[in-house]
Undergrad: 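Shown below is the structure under consideration.
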Amino acid sequence: MSKVYNFSAGPAVLPYEVLLDAQRELADWHGSGMSVMEMSHRGREFMEIIHQAEADLRTLLDIPKNYKVLFLQGGATSQFAMVPMNLLRGKQSIDIVLTGHWSKMAAKEAKHFANVNIVASSEDRAFSYVPEQAQWRCSPDAAYLHYVSNETIGGVQFPFEPTADVPVVCDMSSDFLSRPIDINRYGLIFAGAQKNIGPAGLTVVIVREDLLGEVSPATPTMFDYRVHADAESMYNTPPTFSIYIAGLVFKWLLAQGGIKGIAARNEEKAHLLYQAIEDSAGFYSCPVEAPFRSKMNVPFRIHDSALDALFLEQAADRGLVQLKGHRSVGGLRASIYNAMPIDGVKALVSFMHDFASRHPR
Ligand SMILES: *Cc1c(COP(=O)(O)O)cnc(C)c1O
């Protein structure tokens, strides 16, 4: 087993079995005599790797044929520009739901390309909830609606999949493949790999085919989805090693019972951790309102923040690492992505009990 339980928000924990598989075939992939890192991306071996990765992802999420799967670079952050460049299609405005840091960042970037209409915001209560859809003020002439299904920093997750009269675009970077979704509801989904898919350097985009082909003028070739779709993600050199590891993670997920299987384990892990916070008689608290608490990123606070440093130090001594909250919000945060074993959450919960009992209020 690996030496520590890594609660980092990203780059984040990978399934240990995947790391061992990758290690075993690192220098010689399937008797090719080469590492995946050394292969031509257009060679027979790598073609097999990328096709299998796409096929397994399609199986996992039951992706319909009229959706393209793209393996891109530039992180989720590039998508904040790439989406408007491709999906405005002559329109002037887009709708965004503001639920925290990453939706704010998306809105900020989109303003370079369009009028941004904030249909709803939870900033009034420090981004601790998701505004009810009945109260959103959507505009009928928006090119699309953008939202973030899981705000990685704030720990706020949509408990529902929104519907709209316009195409729905979702930044799923930190809860992609963690629970069942209905692809047909979306125009486009994107996710940076380093949270729940694989190593940094890869961004997965799933896009409905009919939305492609109408890029804004002067869009760089590399920012045109149609170009990548037509070239099957091989317009230029794709992030080969990251795609390979993502492929191993997809196989691992299939072996866990697919999305249903992993979702059940994610529910169980999140329940254990939130219950420990609730049962601590106020020693720990979670700033997020109960229905919207993320099953991937669990932010929490100690009643006296002066204890944070000691908590982090003693946790690390027990092999529980990367529990510091994001610098913008402080406190603590445990990211418990797909690859975090339930034993890691149990070890954290046990440490939290222990720490609280050693520091009576
Ligand atoms: C991490 C993250 C991003 C930014 O991802 P990069 O790959 O660093 O560009 C965007 N959105 C969400 C929800 C994230 O968690």
Side-chain angles (χ1 to χ4, degrees), residues 6-14 70-85 94 96-112 116 121-123 127-130 144-159 161-162 168-179 181 186 188-207 222-223 228 238-239 241-243 245-246 249 266 270 288 292-299 322 324-329 333-340:
N6 173 11
F7 294 93
S8 168
V13 59
L14 286 165
L70 308 177
F71 296 110
L72 307 181
Q73 304 190 55
T77 303
S78 292
Q79 295 306 309
F80 298 163
M82 199 164 173
V83 172
M85 283 173 163
I94 63 171
I96 296 191
V97 189
L98 271 200
T99 50
H101 176 83
W102 292 114
S103 38
K104 261 190 151 170
M105 294 293 280
K108 191 172 160 209
E109 185 70 6
K111 281 181 188 153
H112 294 300
V116 172
S121 166
S122 55
E123 197 160 18
F127 292 127
S128 60
Y129 70 103
V130 173
Y144 59 89
L145 169 83
H146 176 117
Y147 80 105
V148 181
S149 54
N150 183 65
E151 285 282 1
T152 320
I153 294 173
V156 172
Q157 189 173 31
F158 272 67
E161 294 180 272
V168 176
V169 170
C170 183
D171 175 357
M172 241 177 240
S173 293
S174 51
D175 66 355
F176 191 62
L177 298 172
S178 73
R179 58 178 179 176
I181 52 169
Y186 300 89
L188 186 147
I189 292 169
F190 64 88
Q194 71 274 20
K195 307 321 186 348
N196 220 5
I197 303 174
L202 165 68
T203 309
V204 173
V205 172
I206 302 171
V207 57
M222 275 296 286
F223 271 55
H228 293 286
F241 193 75
S242 296
I243 291 169
I245 299 287
V249 171
N266 288 335
V288 181
F292 314 105
R293 289 182 176 171
S294 169
K295 296 185 172 70
M296 294 283 104
N297 310 95
V298 180
Q322 311 239 43
K324 202 170 161 47
H326 189 267
R327 60 190 188 285
S328 64
V329 291
R333 173 177 53 170
S335 295
I336 51 174
Y337 296 120
N338 287 346
M340 171 56 65

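Counting starts at 1 for both ligands and their atoms, following the listed order.
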Undergrad: Check whether any side-chain N or O of R293 sits under 3.5 Å from a backbone N or O of V288 as a donor-acceptor pair, and report yes or no.
TA: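 Yes; at least one donor-acceptor contact below 3.5 Å.
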Undergrad: Excluding sequence neighbours, so at least two apart, what forms salt bridge (charged side-chain N to carboxylate O under 4.0 Å, His left out) with D175?
TA: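 Salt bridge (charged side-chain N to carboxylate O under 4.0 Å, His left out) check on D175 returns R179.
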Undergrad: Evaluate the ring planes of H101 and H326, with Trp represented by its six-membered ring, and classify them as parallel (under 30°), tilted (30 to 60°) or perpendicular (over 60°).
TA: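 It falls in the tilted class, 30° to 60°.
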Undergrad: Can you name the one residue among S122, S103, S174 that meets side-chain hydrogen bond (donor to acceptor under 3.5 Å, both in side chains) with E151?
TA: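 Output: one option passes, namely S103.
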Undergrad: Who's touching ligand 1 if we go heavy atoms under 4.0 Å?
TA: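 Lining ligand 1 at under 4.0 Å, by heavy atoms, one finds G75, A76, T77, F80, W102, V148, N150, T152, D171, S173, S174, Q194, K195.
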Undergrad: Do K195 and F176 make a side-chain contact, defined as non-hydrogen atoms from C-beta onward lying under 4.5 Å apart?
TA: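 Side-chain contact under 4.5 Å: no.
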Undergrad: Quick check against the 3.5 Å criterion: does S335 have a side-chain atom that pairs as donor or acceptor with the backbone of N297?
TA: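 A pair under 3.5 Å: no.
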